[in-house]
A.B. asks: 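Have a look at this one before I ask anything.
Just so it is clear: chains get the letters A, B, ... in the order the sequence lines come, proteins before strands, and each one is counted from 1. The structure presented is a predicted model; accordingly, all values stated were derived computationally and were not measured. Note that these values count all heavy atoms, side chains included, but never hydrogens, waters or copies made by symmetry.
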Protein chains: 2
Amino acid sequence: MAKTAQNPVKSAETTFEVLDALKDLDGAGVTELAQHLDIPKSTVHNYLSTLEQEEYVVNRDGVYEVGLRFLELGAYARHREKLFEIAKPEVDRLAEETGELANILVEEHGRGSYLYRARGDKAVQVKAHVGTRVPLHTTALGKAILAHMSTERVDAIVDRHGLGGEASNSISNRAELEQALADVRERGVAFDDEERLEGLRCVAAPVLNHDDEIIGAISVSGPTNRFRGDRFREELPQKVLEVANVIELNVTYS
Amino acid sequence: MAKTAQNPVKSAETTFEVLDALKDLDGAGVTELAQHLDIPKSTVHNYLSTLEQEEYVVNRDGVYEVGLRFLELGAYARHREKLFEIAKPEVDRLAEETGELANILVEEHGRGSYLYRARGDKAVQVKAHVGTRVPLHTTALGKAILAHMSTERVDAIVDRHGLGGEASNSISNRAELEQALADVRERGVAFDDEERLEGLRCVAAPVLNHDDEIIGAISVSGPTNRFRGDRFREELPQKVLEVANVIELNVTYS
DNA sequence: CGCTCTGTCCCAGATGTTTGAACAACTGTT
DNA sequence: AACAGTTGTTCAAACATCTGGGACAGAGCG
């Protein structure tokens, strides 16, 4: 699965290294970037000026920054996902009715990408924004997705990305993961009990197409003090499942 | 302004040509892309496999598609714009209160990029999504922005992109543009009377920072049959201006 | 089964990329 | 006002890399 290109175009790799660095540094000058990447500054300058010419990067008085043209590509990529178009209004409703933060996640390259995030009136402030990529096994959303993949696919993903945990409660070996996924299949929903972010709980449900293939997952997340007891174990799971079912119906007839 | 790189990295250019083609074709195979770009398919294959390895492109049973990693970069680029963070809730409110489509636009590389778009309950369906780039002189939003730029900057933009109109009512020479911009400055708001899209009208207001520099514009747009008479000339302009003023206040104190 | 599509691989030649060094343009300090 | 220490930018030679034709395997189809 983790294919490595036989004949990679190194300049293309470098191009994205430059862009990634620009993102990590939150904008930077030529010299700073060159030091960060350990590449001669004339080389960095060549890339930056090319990227600027192509309008993928913008130079704001001496500081190069990631340009909005990526928003064009990104919005397009999201628009192309059937799930987004169909699930968005339902997830908006989910956020409104629960007052919490509601999410849509899909798998790509073995990781989870947040497609959308709707805020209810009491929604927690989470730093991660749309587009953020997370390891699948560390979130309820990801577990909901993994639970409905073939064993081979799960194996491939674990082989590629490992099971490195971000917090204490995390899953750390394959047996634990399998147990967790069995739980998810049995209950129909996945839980996240402060596994990725402290104080944050989450309830997620998978979204399957008419061929029972997993196409993504939706969730609500919120603070532990509001996510407890019956609300956490009964009320919210039921709600999330109901919304997931509506989405599945709409996916089938479209 | 239209700087051309002295020592451009051609492979970087090609990389984005490939991505652009992938977008235009809405996903494609190696051969199809090669024909479209008039490049040998082995070369295209090198780029695609590199892009896939870097996770910027995804291969769904034989068809390469633009990947969600661009959503990561795009969402980041948008998040970096102060205007987006501040204006979003206000524009949401604008959409809700008017029931129409409300927008945020900023200038980049002499063109307009839609940062955000909020839908009221009666909002028209417009194909353009977030990230779409438009010539500034063809929209109310763009005119609101141009009206508050220095003459030199306007000249530079016109030199670079011309005044090619997309529809009949469009501005087609520099004198007409200057007249239109003077109008905008006088009234405080800009109008679009089916200039870009038939049957669609638009009211836009500029957003300035504390130094009176233009940082973007907001608008409401809707069908001609709802945008007429007092509502089009008085009510909506006042509303949009009010929201723009609130945003300006928040921009200043942040 | 054979035909025609794919996508993938390989390697030599041509081309583009890399690189340090030199330069110009700023910034802030003395 | 001159200076030292920045920065971004340019250039051309050396060489690493990309290009591109051709060959190959596999899928799909009649």
Side-chain angles (χ1 to χ4, degrees), chain A residues 1-67 109 152 156, chain B residues 1-67 109 152 156:
Chain A
M1 266 294 166
K3 302 170 193 168
T4 48
Q6 247 55 35
N7 202 0
V9 181
K10 214 171 183 183
S11 302
E13 293 176 3
T14 311
T15 303
F16 288 107
E17 273 173 36
V18 169
L19 285 166
D20 253 28
L22 221 44
K23 173 165 165 274
D24 289 345
L25 296 174
D26 206 37
V30 175
T31 309
E32 191 183 354
L33 259 183
Q35 282 167 356
H36 184 84
L37 292 168
D38 199 32
I39 288 177
K41 62 177 183 170
S42 51
T43 303
V44 172
H45 181 259
N46 288 342
Y47 279 91
L48 285 175
S49 56
T50 305
L51 284 167
E52 188 188 11
Q53 183 186 13
E54 300 296 312
E55 306 189 355
Y56 282 98
V57 147
V58 62
N59 186 339
R60 289 185 183 166
D61 35 57
V63 177
Y64 286 93
E65 296 181 355
V66 176
H109 291 291
E152 301 84 60
Chain B
M1 266 293 163
K3 301 171 194 168
T4 48
Q6 245 56 33
N7 201 1
V9 181
K10 216 170 185 180
S11 301
E13 293 176 3
T14 310
T15 304
F16 287 108
E17 274 173 35
V18 169
L19 285 165
D20 253 29
L22 222 43
K23 172 164 164 275
D24 288 346
L25 297 174
D26 206 37
V30 176
T31 309
E32 191 183 355
L33 259 184
Q35 283 168 355
H36 184 84
L37 292 167
D38 200 31
I39 287 177
K41 62 176 184 171
S42 53
T43 303
V44 172
H45 180 259
N46 289 343
Y47 279 91
L48 286 175
S49 55
T50 306
L51 283 168
E52 189 187 12
Q53 183 188 8
E54 300 297 312
E55 307 189 354
Y56 282 98
V57 146
V58 62
N59 186 340
R60 289 187 184 164
D61 36 57
V63 177
Y64 287 93
E65 296 182 354
V66 176
H109 291 290
E152 302 85 60

A.B. asks: Rounded to whole angstrom units, what separation is found between the CD atom of A:Glu32 and the C1' atom of D:dT6?
C.D. replies: 14 Å
A.B. asks: Could you state the atom-to-atom distance from CG of B:Asp61 to P of D:dA27 in whole Å?
C.D. replies: 14 Å
A.B. asks: Within this structure, what is the CD-to-C1' distance between B:Glu13 and D:dC18, rounded to whole angstrom?
C.D. replies: 14 Å
A.B. asks: Look at the rings of B:Phe16 and A:Phe16 and say which category their plane angle falls in: under 30° parallel, 30 to 60° tilted, over 60° perpendicular.
C.D. replies: tilted
A.B. asks: So if I define the base as every atom that isn't primed, P, OP1 or OP2, how would nucleotides 8-24 of chain C read as a B/S/- string at a heavy-atom cutoff under 4.0 Å?
C.D. replies: BBSB----SSBBB----
A.B. asks: Round to a whole Å and report the spacing from CG of A:Leu51 to P of D:dT9.
C.D. replies: 13 Å
A.B. asks: I need the A:Leu22 CG to A:Leu37 CG distance, nearest 0.5 Å.
C.D. replies: 9.5 Å
A.B. asks: Does some side-chain heavy atom of B:Leu19 sit less than 4.5 Å from a side-chain heavy atom of B:Val57?
C.D. replies: yes
A.B. asks: Nearest 0.5 Å, what's the CD-CG distance between A:Glu65 and A:Asn59?
C.D. replies: 9.0 Å
A.B. asks: Below 4.5 Å, heavy atoms only, C-beta onward: do A:Tyr56 and A:Thr50 meet side chain to side chain?
C.D. replies: no
A.B. asks: Answer yes or no: is there a side-chain heavy-atom contact under 4.5 Å between A:His45 and B:Gln6?
C.D. replies: no
A.B. asks: If I take atom CG in residue A:Leu33 and atom P in nucleotide D:dT9, what distance separates them, rounded to the nearest angstrom?
C.D. replies: 12 Å
